[in-house]
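Notes for the one structure printed next.
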Amino acid sequence: MVRKDAYILLREFEKKHYIPQTSFEYFNKIYSNEDMALLKNLVWGTIRNLIKIDWYLSFLVKNLKKTPPASKWMLRLGAYQILNGFKEYVAVNETVKIAKNKRIRGFVNATLKNLIRKKAELALKEPIWVKYSIPEWLYNYLKKYFPEDYVMEFMKKSYSVNPTTLRTNTLKTNREELISLLKGININSTESKHSPYGITIDKAGMAIEKTDLYKNGYFYIQHESSQIIPLILNPKSNERILDMCSAPGGKTTELAQIVNNSGIIDALDIDIDRLELVEKNAERLGIKIINTKLISGDEYIAEKYDKILLDAPCSSAGTSSIHPEVLHRINIDDFVNYSNIQKKLLENAIENLLKPGGTLVYSTCTISNEENTQNMKYLFEKYNNITFEKIDLSLYNIKGYYDGYGYYFYPDETLIPFYVCKIVKTN
């Protein structure tokens, strides 16, 4: 039953290139915690291993690309289990049961059994990009722009599952107390390595967002790389602060937390539903200084700001350990298209929104040279009234690759790949 439902969700992914959270919420109502964990493992594990799976299947199925989608996704689901330590006879038998007719059952059964026989032999031929299941074009792209050790860390991170991390809301509690409160409801956690507010969940006996601690605003669910960016901006309570792309509000609410809920923070976004999330998150966390504005950051004109955060819309390639579907969605054209959007935001920030002497922090959750290094080079060549400040990432125990303007975070257990640059407008 679980494998059949995993197959249904994979077919939904095939059509939409993502799986809505509502689809999992439906199964949450009918499955035990154990079965729900298996369902998510099968679905996200298959998607995370898709490059590897298809590489193996290409040796076993003639013209895999022309195989009907129904049969192909059954094979992928079964192959994921065979290549990742599931009991092989269970993987084959339960996957075969999904097929509706005898011909497809025979094809799936024969192919998966052939994979069991040949997987060790094929593993010896496995290229490095197949081992970590990333697209070959992306592997070649990374090699062009990054040191070898960065490429390896990126691939390892993309092939892993990022742990759940929380940001302590210091307006209501402190990190030590929150860890204790979480333990009291059977959620084991530890202080995270990089953010002074960060907590890593080791084991949870229930869904984090269903706890009273969440509902009462004691924490925000936020990966650790994201928590570092507002700290680099270093806002002060007497400053006028702008978040140019704020939804759903993780960094915006952290800015408010850093200034102890005093001062002014304007938060922009172009999606009214997502902007409402900023307001709801602010209310849950007890924050009262955020003013939301439904407008694009490249069109916004207002009084000038002391500090601006531009966590720009991007191709999101660095989030693959959280959203494994991203590597099957992006292409090189996305890097260029997002770069053009980002340039417009940056230009408006520097020309119209940032005070002389003010600071702009630019960040993305991608590793695209076009969206990061080339954008900063563009600014450097266009404006003679800005400087690029060095950032001391050792303050956060982060290793960075410096491109002459900003820094690419080396990923680790809790950090995902991120880019950050700090720009000061001269007087």
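The basis for the numbers below is simple: all heavy atoms, side chains too, and nothing from hydrogens, waters or symmetry mates. What you are looking at is a predicted structure, and each value in this text was computed from that prediction instead of being measured. Residues: numbered from 1 along the sequence shown.
Going from atom CD1 of I208 over to atom CG of L213 covers 9.0 Å, rounded to the nearest 0.5 Å. Separation of atoms OG1 (T211) and CD1 (I185) is listed at 4.5 Å; rounding is to 0.5 Å. N375 contributes atom CG, which lies 9.5 Å from atom CD of E347 (distance to the nearest 0.5 angstrom). For the atom pair CG (L9) and CZ (R11), the distance works out to 12.0 Å, reported to the nearest 0.5 Å. A distance of 5.0 Å separates CD1 in I287 from OG1 in T253, rounded to the nearest 0.5 Å. Rounded to the nearest 0.5 Å, atoms CD1 (I289) and OG (S262) are 6.0 Å apart.
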Output, in order, the C-alpha distance, side-chain angles, deciding distance and verdict of side chain to side chain donor-acceptor pair (under 3.5 Å) for T373 and K377. CA-CA 6 Å; T373 305; K377 184 175 186 289; over 6 Å; no
Dump the intermediate steps for side chain to side chain contact (heavy atoms under 4.5 Å, CB included) on I416 and K157, then the final yes or no. CA-CA 7 Å; I416 68 169; K157 184 64 179 180; 4.0 Å; yes
List the steps and the verdict of side chain to side chain contact (heavy atoms under 4.5 Å, CB included) for L42 and L77. CA-CA 7 Å; L42 291 170; L77 178 60; 4.0 Å; yes
Please report the C-alpha distance between S363 and D311 in whole Å, then the side-chain angles of each, then the deciding distance to 0.1 Å, and finally whether the side chain to side chain donor-acceptor pair (under 3.5 Å) criterion is met. CA-CA 5 Å; S363 64; D311 184 55; 2.6 Å; yes
Side chain to side chain contact (heavy atoms under 4.5 Å, CB included) evaluation trace for K172 with F219: CA-CA 9 Å; K172 294 192 174 185; F219 60 85; over 6 Å; no
Using the side chain to side chain donor-acceptor pair (under 3.5 Å) rule, take E371 and T364 through it: C-alpha gap first, then chi angles, then the decisive distance, then the call. CA-CA 8 Å; E371 297 173 75; T364 71; 5.8 Å; no
Side chain to side chain donor-acceptor pair (under 3.5 Å) evaluation trace for E370 with S339: CA-CA 6 Å; E370 289 82 354; S339 174; over 6 Å; no
Would N281 and T252 satisfy side chain to side chain contact (heavy atoms under 4.5 Å, CB included), going step by step from the backbone distance to the final call? CA-CA 10 Å; N281 280 318; T252 321; over 6 Å; no
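Aromatic pair F146/Y401: ring centres closer than 6.0 Å. Close placement of the F86 and Y80 rings is indicated, their centers lying within 6.0 Å of each other.
Between the side chains of S192 and E224, at least one donor-acceptor pair of N or O atoms lies under 3.5 Å. Inspection of the N352 and N348 side chains reveals an N or O donor paired with an N or O acceptor under 3.5 Å.
Using cut-offs of 30° and 60° for the angle between ring planes, the F388 and Y405 rings count as perpendicular. A tilted orientation is assigned to the rings of F335 and Y141, their planes being inclined by 30° to 60°. Aromatic ring pairs are classed by plane angle as parallel below 30°, tilted from 30° to 60° and perpendicular above 60°; the pair H328 and F13 is perpendicular. Ring geometry for Y402 versus Y407: interplanar angle of 30 to 60°, hence tilted.
The pair E254-K251 does not count as a salt bridge, with every side-chain nitrogen at least 4.0 angstrom from each carboxylate oxygen. A salt bridge between K72 and D54 is absent, with no side-chain N of the basic residue lying under 4.0 Å from a carboxylate O of the acidic one. Remark: K399 does not engage E153 in a salt bridge, criterion side-chain N to carboxylate O under 4.0 Å. Under a 4.0 Å N-O distance rule, the pair K16/E12 qualifies as a salt bridge.
In this structure, the side chains of L346 and M376 come closer than 4.5 Å at one or more pairs of heavy atoms. Residues K52 and Y132 are not in side-chain contact: their nearest non-hydrogen atoms beyond the backbone lie 4.5 Å or more apart. Side-chain contact between T190 and I179 is absent, with no heavy-atom pair separated by less than 4.5 Å. Looking only at side-chain heavy atoms (C-beta outward), R48 and Y159 come within less than 4.5 Å of each other. Y218 is not listed as a side-chain neighbour of L182, based on a closest heavy-atom distance of 4.5 Å or more. For the pair F409/L393, a side-chain contact is recorded, criterion being any heavy-atom separation below 4.5 Å from C-beta on. Side chains of I232 and Y396 form a contact here, defined as non-hydrogen atoms less than 4.5 Å apart. Contact annotation: the side chain of I229 approaches that of F418 to within less than 4.5 Å [non-hydrogen atoms, C-beta and beyond].
When the shell of 6.0 Å around CD1 of I30 is examined, it contains more than 12 heavy atoms from other residues, nucleotides or ligands. Other residues, nucleotides and ligands contribute more than 12 heavy atoms inside 6.0 Å of the CD atom of E177. Other residues, nucleotides and ligands place no more than 12 heavy atoms under 6.0 Å from the NZ atom of K131. Other residues, nucleotides and ligands contribute more than 12 heavy atoms inside 6.0 Å of the OH atom of Y31. Heavy atoms of other residues, nucleotides or ligands lying less than 6.0 angstrom from CD of E148 number 12 at most. No more than 12 heavy atoms of other residues, nucleotides or ligands sit less than 6.0 Å from atom NZ of K183. For K382, the NZ atom counts as densely surrounded, since its 6.0 Å shell holds more than 12 non-hydrogen atoms of other residues, nucleotides or ligands. Within 6.0 Å of atom OH in Y362, more than 12 heavy atoms from other residues, nucleotides or ligands are found, so the atom counts as buried in its surroundings.
Summarising the geometry of L268 relative to M244, their closest heavy-atom pair is CB-O, 3.4 Å, with the distance given to 0.1 Å. Scanning both residues, C314 and Y338, for their nearest heavy atoms gives O-CZ, 3.4 Å. Nearest heavy-atom pair, P313 versus L345, reported as atom, atom and distance to 0.1 Å: CD-CD1, 3.8 Å. Between P411 and Y150, the closest heavy-atom pair is CD-CE1, 4.4 Å. Closest approach of Y220 and G249 over heavy atoms only: OH-C, 3.8 Å. Closest approach of L360 and L310 over heavy atoms only: CD1-CB, 4.0 Å.
No donor-acceptor pair closer than 3.5 Å links the side chain of N140 to the backbone N or O of W137. The backbone N or O of I128 sits nowhere less than 3.5 Å from a side-chain atom of Y139 that would complete a donor-acceptor pair. With S237 contributing its side chain and G263 its backbone, the two residues share no donor-acceptor pair below 3.5 Å. Judged purely by atom type and a 3.5 angstrom limit, S321 has no side-chain atom pairing as donor or acceptor with the backbone of V161. Proximity of a side-chain donor or acceptor of K307 to a complementary backbone N or O of N234 within less than 3.5 Å is detected.
None of R240, K236, K355 except one satisfies the salt bridge (Lys or Arg N to Asp or Glu O under 4.0 Å) rule with D306; the exception is K355. Applying side chain to side chain donor-acceptor pair (under 3.5 Å) to R167 and the options Q227, Q257, H223 leaves one that passes, Q257.
A cation-pi arrangement is not found for K118 relative to F59, the charged atom failing to lie both closer than 6.0 Å to the ring centre and inside a 45° cone about the ring normal.
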